[in-house]
Structure formats: structure tokens, C-alpha cells
Protein chains: 2
Amino acid sequence: MSTARRRTRQRAAVEDLLTGIDEFRTAQQIHALLQASGERVGLTTVYRSLALMAQAGQVDVLLAEDGEARYRACSSGHHHHLVCRECGSTVEVTATPVERWARTIAEQNGFTDVSHTVEIQGLCEACSM
Amino acid sequence: MSTARRRTRQRAAVEDLLTGIDEFRTAQQIHALLQASGERVGLTTVYRSLALMAQAGQVDVLLAEDGEARYRACSSGHHHHLVCRECGSTVEVTATPVERWARTIAEQNGFTDVSHTVEIQGLCEACSM
DNA sequence: CTGTATGCAAACATTTTGCATAAGC
DNA sequence: GCTTATGCAAAATGTTTGCATACAG
């Protein structure tokens with residue numbers, strides 16, 4: 001039953017790349033970056049590694065408006081993102097007041113088993129110049 | 001330059017169907033429902049109609065975790081949704097405190113031109129029984 | 001009549017899967 | 001050596017587009 005994860009070159013490559021970037025990147029971008037840096041990793045493997053990491057909570061997944069998923073290495077624990085529309089750079093933020101608000105609203109409407117999605121988009125300082 | 005929208009049978013069919021439902025539905029579901037009700041409308045047209053309506057603010061679009069877009073006729077004006085994970089039924093909510101919070105957080109981090117995404121998921125009363 | 005709308009089929013893009021091979025433990 | 005991981009090619013999915021035809025104004 002234990003997932004018995006194996007440490008392979010390609011898996012490590014994905015992890016290493018991801019920890020070196022603090023912006024959200026698509027699976028295909030990550031694949032391209034690996035190729036560019038000389039690592040030979042199949043696109044399939046990139047997808048599979050990202051899926052595993054996401055499940056393990058090692059990366060955060062964001063669904064963009066064009067339906068493409070974007071990945072980023074993130075601190076564990078519950079948090080939300082302030083993302084730059086232009087360059088994809090990210091600030092992790094906590095939203096304690098929002099958490100409370102969400103729960104209250106949900107309860108008032110008879111909803112249970114509540115979760116939520118909060119995200120702020122904008123232009124970061126560098127990109128707004 | 002004016003878009004000169006034309007009133008066609010199929011366009012009306014999509015609008016009518018949508019106003020009769022208060023749950024989020026995918027384009028393909030909408031297409032299937034139209035077929036089932038005897039209306040002959042191409043899937044392409046459904047997509048095109050929904051895109052137009054979304055642009056005009058007549059429907060709200062939601063991107064699900066599986067990358068599928070979901071549509072729903074909505075009140076105009078800025079609002080957010082409390083959605084049932086199970087049946088897709090929806091309650092529109094306003095989030096004034098959250099708006100303020102989002103703006104503040106963004107400003108504190110030097111972000112401008114701010115927008116946000118807020119959504120609450122849960123199980124509605126009917127589905128939690 | 002002129003130009004927008006439709007619908008089919010084909011194109012597209014992203015992600016997933018089947019299966020044989022390679023490799024970790 | 002048993003089992004998981006990889007990688008290619010092919011499939012699956014959701015959506016968009018080219019183009020000839022139909023129809024609204």
C-alpha cells in the first residue's frame with residue numbers, strides 16, 4: 001500500500017528545477033527548460049512527476065484561464081497566491097479573515113464540507129514600469 | 001466595427017436553456033440538453049454563443065479542476081459563487097470584505113491593476129443528505 | 001443583396017494511457 | 001528479481017478554425 005517512491009534522475013531534475021524558480025510554469029515550459037539545461041526527461045514523465053508532487057503537496061497547481069495548469073514549488077500548509085499577470089511571479093499570502101468569511105457564508109446557506117479558492121491577480125512592481 | 005448581433009433560433013435556444021437553469025453546466029452538457037429538447041444546434045454554435053454571452057457579461061464562466069469550462073446565466077455586476085461540489089447548484093454572494101482585503105494585500109506588495117478570484121465550494125443541503 | 005451565423009470536419013493543444021524497456025532497491 | 005519508472009507513440013478531451021452554405025436585416 002505504501003507508494004514506495006523511487007529516486008530517479010528525472011524526478012530529481014524536475015524537483016531541482018522547480019525549487020530554483022518562484023514563478024508558476026506550465027508542464028510544457030518545465031519540460032522545455034529541462035531540455036535546455038541538457039537534462040533528457042520525457043514530457044510524460046514531467047506530467048507524472050508533477051502529478052505526484054502535487055498530490056504530495058510539494059507543488060501548488062493553478063488553473064489559468066486558457067485551461068493550462070501551472071505549477072510551482074510552494075511552502076506546505078494552507079495559503080493563497082498573489083500572482084503577477086505578466087511574469088507569473090508569486091507572493092504567498094495567508095487569508096485568515098477570508099477563511100472565516102467563507103465558512104460563515106457557507107454555513108448561512110446550509111452548505112457543509114466547505115473549501116475555497118482565493119487568488120489575487122495584478123501587476124507586480126517590476127512589470128508595471 | 002459594431003458587432004451587429006443577429007437574433008437566430010439557435011442563439012435564442014442557448015439563452016433560453018441557460019436562463020432556465022441555475023447550475024453551472026459545461027458547453028457539452030448544454031449541447032446535449034438542447035439536443036434532448038429537440039433543438040438542433042451545433043456544438044460549434046454553442047461554444048460561439050457562450051463565448052459571446054460571456055464577453056457580454058450575460059453568463060459567468062467557471063474553470064473546473066478538470067479544465068472544463070462551466071457556464072451559468074448570472075446577474076450582472078461583480079459577485080462570487082458558492083457552488084455545490086455535487087450538483088453544481090449555485091448561490092451568488094457578494095464579498096465586500098474580501099474585496100477590501102484583496103486590494104490591501106496587493107498594495108502592500110506593490111501590485112497594481114488588481115483583480116481577484118474567490119469561490120467557495122461545499123455540499124448543499126440537498127446533497128449532504 | 002450584403003454580411004453575419006451556422007455546421008461539419010479537420011485542426012489544435014494539453015493531458016492521459018498502453019506497452020515494451022530500463023532501472024531502483 | 002520483483003516492481004516501479006520511463007518514454008515513445010497513440011488516444012482521449014475540450015475547444016477552435018476553415019470554409020461552404022443558410023439566413024437575418
Side-chain angles (χ1 to χ4, degrees), chain A residues 1-18 21 23-56 58-72 83 88, chain B residues 1-18 21 23-56 58-72 83 88:
Chain A
M1 200 97 283
S2 51
T3 313
R5 286 212 279 160
R6 273 179 197 174
R7 171 134 289 263
T8 64
R9 176 182 55 81
Q10 25 279 85
R11 210 101 114 190
V14 174
E15 288 187 28
D16 287 355
L17 179 76
L18 231 23
I21 301 183
E23 286 127 44
F24 276 92
R25 294 274 111 108
T26 68
Q28 318 238 11
Q29 286 178 319
I30 292 167
H31 179 242
L33 286 169
L34 286 171
Q35 299 253 292
S37 74
E39 290 283 354
R40 212 167 316 90
V41 181
L43 179 57
T44 308
T45 301
V46 173
Y47 274 108
R48 284 196 275 234
S49 300
L50 289 173
L52 281 178
M53 294 172 72
Q55 213 173 349
Q58 295 174 52
V59 301
D60 274 12
V61 190
L62 217 70
L63 295 110
E65 311 224 355
D66 59 356
E68 242 178 308
R70 295 196 158 66
Y71 302 83
R72 178 179 184 276
V83 187
Chain B
M1 201 99 282
S2 52
T3 314
R5 285 212 280 160
R6 273 180 196 174
R7 171 132 289 262
T8 64
R9 175 182 57 80
Q10 24 279 85
R11 211 100 114 190
V14 174
E15 288 186 28
D16 287 355
L17 180 75
L18 231 25
I21 301 183
E23 287 127 43
F24 276 92
R25 293 275 110 108
T26 68
Q28 319 237 10
Q29 285 178 321
I30 292 167
H31 179 241
L33 286 170
L34 287 171
Q35 300 253 292
S37 74
E39 291 283 354
R40 211 168 314 90
V41 181
L43 178 57
T44 308
T45 302
V46 173
Y47 274 110
R48 285 196 274 233
S49 300
L50 289 172
L52 282 178
M53 294 173 72
Q55 214 174 347
Q58 294 174 54
V59 301
D60 274 13
V61 191
L62 217 72
L63 295 110
E65 310 224 355
D66 58 357
E68 245 178 304
R70 295 196 159 67
Y71 302 84
R72 178 180 185 274
V83 187

What pairs with [X] under side chain to side chain contact (heavy atoms under 4.5 Å, CB included), at least two apart in sequence or on another chain?
| X | result |
| --- | --- |
| B:Ala32 | none |
| A:Leu33 | A:Leu17, A:Ile21, A:Arg25 |
| A:Ala54 | A:Val59, A:Val61 |
| A:Leu43 | A:Gln28, A:His31, A:Tyr47 |

[X] [atom1] to [N] [atom2]: how many Å, rounded?
| X | N | atom1 | atom2 | value |
| --- | --- | --- | --- | --- |
| A:Glu39 | D:dT6 | CD | C1' | 14 Å |
| B:Glu15 | C:dA5 | CD | C1' | 14 Å |
| A:Ile30 | C:dT15 | CD1 | C1' | 14 Å |
| B:Arg25 | D:dG14 | CZ | C1' | 18 Å |
| B:Met53 | C:dA5 | CE | C1' | 16 Å |
| A:Leu52 | D:dA5 | CG | P | 7 Å |

> How long is the gap from CG on A:Leu34 to CD on A:Gln10, to the nearest 0.5 Å?
Replying inline: 10.0 Å
>> Classify B:Arg70 by what it touches in the nucleic acid, base, sugar-phosphate, or nothing, heavy-atom distance under 4.0 Å.
In response: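 B:Arg70: no heavy atom of the nucleic acid under 4.0 Å.
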>> Nearest heavy atom decides the nucleotide; on that basis, is A:Gly42 or B:Thr26 closer to the 5' end of DNA chain D?
In response: A:Gly42
> For DNA chain D, which residues in residues 58-66 of chain A have a heavy atom at a distance below 4.0 Å?
Replying inline: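 Nucleic-acid contacts, sorted: none.
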> Does any N or O in the side chain of B:Ser49 come within less than 3.5 Å of the main-chain N or O of B:Thr45, such that one atom is a donor and the other an acceptor?
Replying inline: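 Yes: the side chain of B:Ser49 pairs with the backbone of B:Thr45.
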>> If you only use heavy atoms from C-beta on, which nucleotide in D:dG7, C:dT6, D:dG14 is closest to the side chain of B:Arg11?
In response: C:dT6
Listed by chain and number, what are the salt bridge (Lys or Arg N to Asp or Glu O under 4.0 Å) partners of [X], not counting sequence neighbours?
| X | result |
| --- | --- |
| A:Arg9 | A:Glu39 |
| A:Glu15 | A:Arg7 |
| A:Arg70 | A:Asp66 |

>> Angle between the two end axes of the helix from C:dC1-D:dG25 to C:dC25-D:dG1, five base pairs per end, rounded to 10 degrees?
In response: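 That helix gives 30° between its end axes.
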> What string of B, S and - do you get for nucleotides 16-25 of chain C, 5' to 3', when a contact is any protein heavy atom under 4.0 Å?
Replying inline: BB-----BBS
>> Considering only residues two or more places apart or on different chains, which pairs with a residue in residues 43-56 of chain A satisfy salt bridge (charged side-chain N to carboxylate O under 4.0 Å, His left out)?
In response: none
> Under 4.0 Å between a side-chain N/O of A:Gln28 and OP1 or OP2 of C:dT14, yes or no?
Replying inline: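 The answer is yes; a side-chain N or O of A:Gln28 sits under 4.0 Å from OP1 or OP2.
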>> Looking at D:dC23, I'd like to know if its phosphate oxygens (OP1 or OP2) sit under 4.0 Å from a side-chain N or O belonging to B:Gln10.
In response: no
>> Going by the rule side chain to side chain donor-acceptor pair (under 3.5 Å), which residues pair with B:Arg72 if we only count those two or more places apart in sequence or in a different chain?
In response: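 Once residues adjacent in sequence are excluded, the partners of B:Arg72 under the side chain to side chain donor-acceptor pair (under 3.5 Å) criterion are B:Glu92.
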